[in-house]
Every structure is written in C-alpha cells, then in structure tokens.
Trainee: 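Just dropping this structure here.
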Amino acid sequence: MSDNDLGVRHRALNSLQLLYEPNAEKFWEKVEERIVVEQDGVCIQKIAHSLNSEYIITNDLSKVCSNCNVLIHKLANDDDIPRDTWSDLVAITLRISLRHDRELAFNIINNGISIKQFSHNLIYTTRSVLNEYNGKKLYVEELNKGAILFDILQLQLTFRFGEILRKGIQSPDVRDDFEIIDLVIQNLYFAYDYDNGNKKATKDLTLPEKKAFYEKIKPLLDYTANKSLGIEQGFMVAHTGYYFMQLLNKLLPLEPDYILKLSNIIVVCAAKNNFTFDRITLREIVTLTEGIIADHRIILKEKQNFLYLIEILDQFTTSGFEEAIELTWRLKEAF
C-alpha cells in the first residue's frame, strides 16, 4: 500500500477492507497513514470505500467518523477526485445518521456542506433512500424512521440561504448556492412523484402515504419560500420555481388554501428571474388555476385567496400571455 508504483497501490488498496477483521489495529494504521500521504485520486477513493462497511462502522464508529472528516478536509479544494469518493463518504454518513448517531453524522455533514460535490451526492442519495421506501408495506412507518433525511435537506437549505445572505445576490459566488437549493426542490419533487412514469416504482402512494410525505416536506417548502422572499424583496431562480410549481400542483388536493398561498410567493419571487416569460411555466399556472376552479373553488370565497390567484395570473398577463388574461376574466366573472 506504500509502494511507489501506482498500480501496486491500486491493487493493494482494493483489499484494505479485508484487513479489518483479522487485524483492526493494522487496518486503522494503514488508513490513517494513507489518508495523510496519498495524492492519487483513485487511491483515495479506495481508502474511502474501505470505510463503507456496516461491520466496521458498528465496531469503530468514532474512528470511521474522524477519518471521514479528515478525508473531507483533504478533498475540500480538489476538483479531480473521482465521484465515487464522494458517493462513499455520503453513503457512510447516511448509514451513521439512520442507524447509529445523528450528531456524529451531522458533524460530518457540516464539515462537507460547503463542498459542491459532497452536497450534490448527499441530496441525490437522500432522494434515493426516500424512493426505496416506495412500495414498502409499512411506508409511513419507514418514512418516520427516516425523518432525519428531511433534517439533512434542511441543513442544506439553511446553509445555502445563509451563504446567499452573506455574499449578496450580485456575487458570482452565489451560483453554487442557488444550484444546491434548486437540487433540493427538484429532488423533493422527484421523491414525491417517483411513481409517475417510473418503471422501477412498485406502486402509487396511497392518500395517507402522500399526506405523510407532505407533512415531512412542508417545513422545507415553507422555509424555502419565506427565505426567498427575504432575498432582495423576493427572488428565486426560475428553474427552481418551475419544479416548485410542479410539486405544488401535485400537493394541491392535500391543502389547497396553503398551496395557493405558497404558489403566490413562488411566482412573485421567480418572476424576478424571468419565470413568467416561459410557456412551460405558464402551463403549471394554468394547471393550478383550473385545478382550483374545478375542485377547490370554495377557497376562492376567501378574499385573500382570490387575490393570491389574481396576482399569480397578473404576473403572466404582464408577460403577454393571452391564456393568463382569459383565466383572469373567467375568475372575475365567476366570483
């Protein structure tokens, strides 16, 4: 493992995990030595992979955590590290969070949260775990056991909105922060709508299952909407707004008045990023409006709800869409 020949090190590190059971002390000696001195990306990935073992995590949790943290600090500014390295570190972190120690897992996440590749992998893998609950007999129970996954996504949102506030929206450095927020919303949509057209999905979620999922993501949606309102009097990236509205249309039957209020915030904020000039996004607004008129028109008897919907349509009317003008007239004639 210490050989100067790269090929020899690659082959030796492939077997590093096998050293743990017969000689755990020697295993940790080699792991800690190679983390410090190794510069080759593939070798570093193999070291990370050696830690990704439930048996090792269970028996030496604190050592796994401390070495993951050292690896994250080592890789923080290295863009050439193989993607599988981050995948292994994220897999280890989620194992620890779900099965072992929340605080130790959150410590690892906080150490890696500013690293784009780590955050990407964490969001995608979190969604994959949520998708695995689909089709399980006790879906709601599984969702409750995995509630920490939503806390992990909240950590991502809290950090990124804090960074946007600290840097200022005009800074080119906020691009990654908006991208991570976008990924969270996009993956919440795909987690909720996993059964729609997905051949791997085992079944559609029942209404109680959908309500359980909604209750878990509602604080994340509320937080994102209200924090977006606080960015220069309201701002959201249009792409984020699009996936947000797709998700809200799916959620509309579960709490129509709240979804309408949230939709109003999303459209107003995303309009600052040309959201209302895209015909694809208009389709989501038409779907929302027609869904409310057809199935939830009673909420429009509340004056504030009516004004929320009119304001949404006005944003698209200002952008010149005739469909929005027609829907506005239909609403005013009906109410």
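The basis for the numbers below is simple: all heavy atoms, side chains too, and nothing from hydrogens, waters or symmetry mates.
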Trainee: Show your reasoning for whether salt bridge (charged side-chain N to carboxylate O under 4.0 Å, His left out) applies to Glu38 and Lys74.
Mentor: CA-CA 10 Å; Glu38 189 59 71; Lys74 181 183 179 76; over 6 Å; no
Trainee: Within a strict 4.5 Å, meaning less than it, do heavy atoms of the Tyr214 and Lys210 side chains meet?
Mentor: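 Sidechains of Lys210 and Tyr214: no contact.
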Trainee: Between Tyr20 and Asp60, is the side chain to side chain donor-acceptor pair (under 3.5 Å) condition met? List the steps.
Mentor: CA-CA 10 Å; Tyr20 180 80; Asp60 265 326; 2.8 Å; yes
Trainee: Whether the Lys216 and Asn144 side chains hold a donor-acceptor pair (N or O, under 3.5 Å, no angle test) is what I'd like checked.
Mentor: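 On atom types as modelled, these side chains qualify, holding a pair under 3.5 Å.
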Trainee: Using the rule that Ile, Leu, Val, Met, Phe, Trp and Tyr join whenever any side-chain heavy atoms are under 4.5 Å apart, tell me whether Leu252 and Ile298 fall into a single cluster.
Mentor: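 Yes; tracing contacts between hydrophobic side chains, which count when under 4.5 Å, links both residues.
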Trainee: Angle class for the Phe161/Tyr223 ring planes (parallel below 30°, perpendicular above 60°, tilted otherwise)?
Mentor: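 Ring orientation, 0 to 90° scale: perpendicular.
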Trainee: Assigning hydrophobic clusters by single linkage (Ile, Leu, Val, Met, Phe, Trp, Tyr; side-chain heavy-atom cutoff under 4.5 Å), is Val140 placed with Leu138?
Mentor: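 As far as the 4.5 Å side-chain criterion goes, Leu138 and Val140 are not connected within one cluster.
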Trainee: Nearest 0.5 angstrom please: Leu6 CG to Asp40 CG, how far?
Mentor: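 It comes to 4.5 Å.
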Trainee: Does Thr281 use its side chain to pair, donor to acceptor, with the backbone of Phe277 at less than 3.5 Å?
Mentor: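 Checking the backbone N and O of Phe277 against the side chain of Thr281, no donor-acceptor pair under 3.5 Å is found.
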Trainee: Answer yes or no: are there more than 12 heavy-atom neighbours, outside Lys261 itself, under 6.0 Å from its atom NZ?
Mentor: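 No, not enclosed.
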Trainee: Taking C-beta and beyond as the side chain, do Phe150 and Leu130 meet within less than 4.5 Å on heavy atoms?
Mentor: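 Of all side-chain heavy-atom pairs linking Leu130 with Phe150, at least one is under 4.5 Å.
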Trainee: What is the minimum heavy-atom distance between Ala191 and Arg127, and which atoms define it?
Mentor: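 Looking at all heavy atoms of both residues, the shortest contact is CB-CG, 3.8 Å.
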Trainee: Say whether Val36 and Leu51 are linked into one hydrophobic cluster, either directly or through other cluster members, by side-chain heavy-atom distances under 4.5 angstrom.
Mentor: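 No.
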Trainee: Contact between Asn187 and Leu153 at the side-chain level, heavy atoms closer than 4.5 Å - yes or no?
Mentor: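 Side chain of Asn187 against side chain of Leu153, heavy atoms only: no contact under 4.5 Å found.
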Trainee: Below 30° counts as parallel, above 60° as perpendicular, anything between as tilted: where do the rings of Tyr242 and His239 land?
Mentor: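 It falls in the tilted class, 30° to 60°.
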Trainee: Which pair of heavy atoms, one from Leu260 and one from Ile292, lies closest together, and at what distance?
Mentor: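 That would be CD1-CD1, 3.8 Å.
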Trainee: Any chance you could lay out the side chain to side chain contact (heavy atoms under 4.5 Å, CB included) test for Trp86 and Leu89, step after step, and finish with the verdict?
Mentor: CA-CA 5 Å; Trp86 297 113; Leu89 288 170; 4.0 Å; yes
Trainee: For the CD1 atom of Ile265 and the NZ atom of Lys227, what is their distance to the nearest 0.5 Å?
Mentor: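 The CD1 atom of Ile265 sits 13.5 Å away from the NZ atom of Lys227.
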Trainee: Is it true that, when you exclude Glu21 itself, more than 12 heavy atoms of the residues, nucleotides or ligands shown sit nearer than 6.0 Å to its CD?
Mentor: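 No, because the 6.0 Å sphere around CD of Glu21 holds 12 heavy atoms or fewer from other groups.
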Trainee: Do Ile152 and Phe106 come close enough that some side-chain heavy atom pair is under 4.5 Å?
Mentor: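 Yes, close enough: below the 4.5 Å cut-off.
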Trainee: Consider only side-chain N and O atoms of Asn52 and Asp88, and report whether a donor and an acceptor are under 3.5 Å apart.
Mentor: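 Side chains of Asn52 and Asp88: pair found under 3.5 Å.
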Trainee: Does Glu132 reach the side chain of Glu142, with side-chain heavy atoms less than 4.5 Å apart?
Mentor: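 Counting from C-beta outward, Glu132 and Glu142 never come under 4.5 Å.
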Trainee: In terms of side-chain geometry, is the basic nitrogen of Lys272 or Glu232 positioned less than 4.0 Å from the acidic oxygen of its partner?
Mentor: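 Judged by the 4.0 Å cut-off on N to carboxylate O distance, Lys272 and Glu232 do not form a salt bridge.
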Trainee: Working to the nearest 0.5 angstrom, can you tell me the gap between Phe275 CZ and Met245 CE?
Mentor: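 So the CZ of Phe275 and the CE of Met245 are separated by 6.0 Å.
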Trainee: Check the pair Ile113, Phe118 against side chain to side chain contact (heavy atoms under 4.5 Å, CB included), reporting the backbone distance first and the verdict last.
Mentor: CA-CA 7 Å; Ile113 202 166; Phe118 180 82; 5.6 Å; no
Trainee: Hey, is the main chain of Ala105 close enough, under 3.5 Å, to the side chain of Thr93 for a donor-acceptor pair?
Mentor: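 Not a single qualifying donor-acceptor pair exists.
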Trainee: Out of the candidates Leu19, Asn67, Leu71, only one should pair with Val31 under the side-chain contact (heavy atoms from CB on, under 4.5 Å) rule; please name it.
Mentor: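 Only one of Leu19, Asn67, Leu71 forms a side-chain contact (heavy atoms from CB on, under 4.5 Å) with Val31, namely Asn67.
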Trainee: Check whether any side-chain heavy atom of Arg9 lies under 4.5 Å from a side-chain heavy atom of Lys46, and answer yes or no.
Mentor: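 When only atoms from C-beta onward are counted, Lys46 and Arg9 do not touch, as no gap falls below 4.5 Å.
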Trainee: Mind checking the CD1-OG1 spacing from Ile266 to Thr240? Nearest 0.5 Å is all I need.
Mentor: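 Interatomic distance, Ile266 CD1 to Thr240 OG1, rounded to 0.5 Å: 9.0 Å.
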Trainee: Which atoms form the tightest heavy-atom contact between Phe244 and Leu221, and what is the distance?
Mentor: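 Looks like CZ-O, 3.6 Å.
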Trainee: Determine, for Lys26 against Glu29, whether the closest basic-nitrogen to carboxylate-oxygen distance falls under 4.0 angstrom.
Mentor: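 Looking at Lys26 and Glu29, the cut-off is met.
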Trainee: Is there a donor-acceptor pair under 3.5 Å between the side chain of Asp257 and the backbone N or O of Ile299?
Mentor: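 Absent.
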Trainee: For residues Thr125 and Asn121, report the shortest heavy-atom separation together with the two atoms involved.
Mentor: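 That closest heavy-atom pairing would be OG1-O, 2.6 Å.
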Trainee: Can we say Lys116 and Asp176 salt-bridge, meaning some charged N sits less than 4.0 Å from an Asp/Glu carboxylate O?
Mentor: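 Yes, charged N to carboxylate O under 4.0 Å.
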Trainee: Rounded to the nearest 0.5 Å, how far does CG of Asp101 lie from SG of Cys65?
Mentor: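 Answer for the SG-CG pair, Cys65 versus Asp101, is 7.0 Å.
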Trainee: Are Ile180 and Leu165 grouped together when hydrophobic residues (ILVMFWY) are joined by side-chain heavy atoms under 4.5 angstrom apart?
Mentor: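 No, it is not one cluster - the side chains of Ile180 and Leu165 are not joined through contacts under 4.5 Å.
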Trainee: Ignoring hydrogens and geometry, is there a side-chain-to-backbone donor-acceptor pair from Asn273 to Val237 under 3.5 Å?
Mentor: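 No, because the side chain of Asn273 does not come within donor-acceptor range (under 3.5 Å) of the backbone of Val237.
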Trainee: Let me check something: do Tyr192 and Val129 share a hydrophobic cluster, defined by ILVMFWY side-chain heavy atoms less than 4.5 Å apart, either directly or through other members?
Mentor: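 Yes.
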Trainee: State the CG-OH distance between Leu188 and Tyr243, to the nearest 0.5 angstrom.
Mentor: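 The CG atom of Leu188 sits 13.0 Å away from the OH atom of Tyr243.
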Trainee: Taking NZ, NE, NH1 and NH2 as the nitrogens, is one of them in Lys63 or Glu32 under 4.0 Å from a carboxylate oxygen of the other?
Mentor: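 No salt bridge links Lys63 with Glu32.
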Trainee: One pair to check against side chain to side chain contact (heavy atoms under 4.5 Å, CB included): Asp151 and Leu155. What are the steps and the verdict?
Mentor: CA-CA 6 Å; Asp151 295 335; Leu155 278 179; 6.0 Å; no
Trainee: Is it true that a side-chain atom of Asp222 and a backbone atom of Lys218 form a donor plus acceptor pair closer than 3.5 Å?
Mentor: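 Side chain of Asp222 to backbone of Lys218, a donor-acceptor pair under 3.5 Å: no, none is there.
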Trainee: Under 3.5 Å, is there a donor-acceptor pair linking the side chains of Gln45 and Asp84?
Mentor: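 Side chains of Gln45 and Asp84: no pair found under 3.5 Å.
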Trainee: Do you know the tightest heavy-atom contact between Gly234 and Cys269?
Mentor: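 Looking at all heavy atoms of both residues, the closest pair is CA-SG, 3.8 Å.
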Trainee: State, yes or no, whether a side-chain contact exists between Leu75 and Gln117 at a heavy-atom distance under 4.5 Å.
Mentor: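 Leu75 does not reach Gln117 side chain to side chain.
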Trainee: Would the distance check show the side chain of Asp295 and the main-chain N or O of Pro253 forming a donor-acceptor pair, the cut-off being under 3.5 Å?
Mentor: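 No.
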Trainee: Check this for me: does any side-chain nitrogen of one of Glu163 and Arg160 sit under 4.0 Å from a carboxylate oxygen of the other?
Mentor: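 Salt bridge: no.
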Trainee: Determine, stepwise, if the pair Asn131 / Asn134 fulfils side chain to side chain contact (heavy atoms under 4.5 Å, CB included).
Mentor: CA-CA 5 Å; Asn131 287 152; Asn134 179 277; 5.5 Å; no
Trainee: Using every non-hydrogen atom in the two residues, find where Leu104 and Ile96 come nearest and quote the distance to one decimal.
Mentor: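 Looks like CB-CG2, 4.4 Å.
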Trainee: If we only count heavy atoms from C-beta on, is the Leu94 to Leu149 side-chain gap below 4.5 Å?
Mentor: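 Result yes, sub-4.5 Å side-chain heavy-atom pair found.
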Trainee: Please confirm whether the backbone N or O of Asn107 pairs with a side-chain atom of Asn111, one donor and one acceptor, at under 3.5 Å?
Mentor: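 Answer holds: yes.
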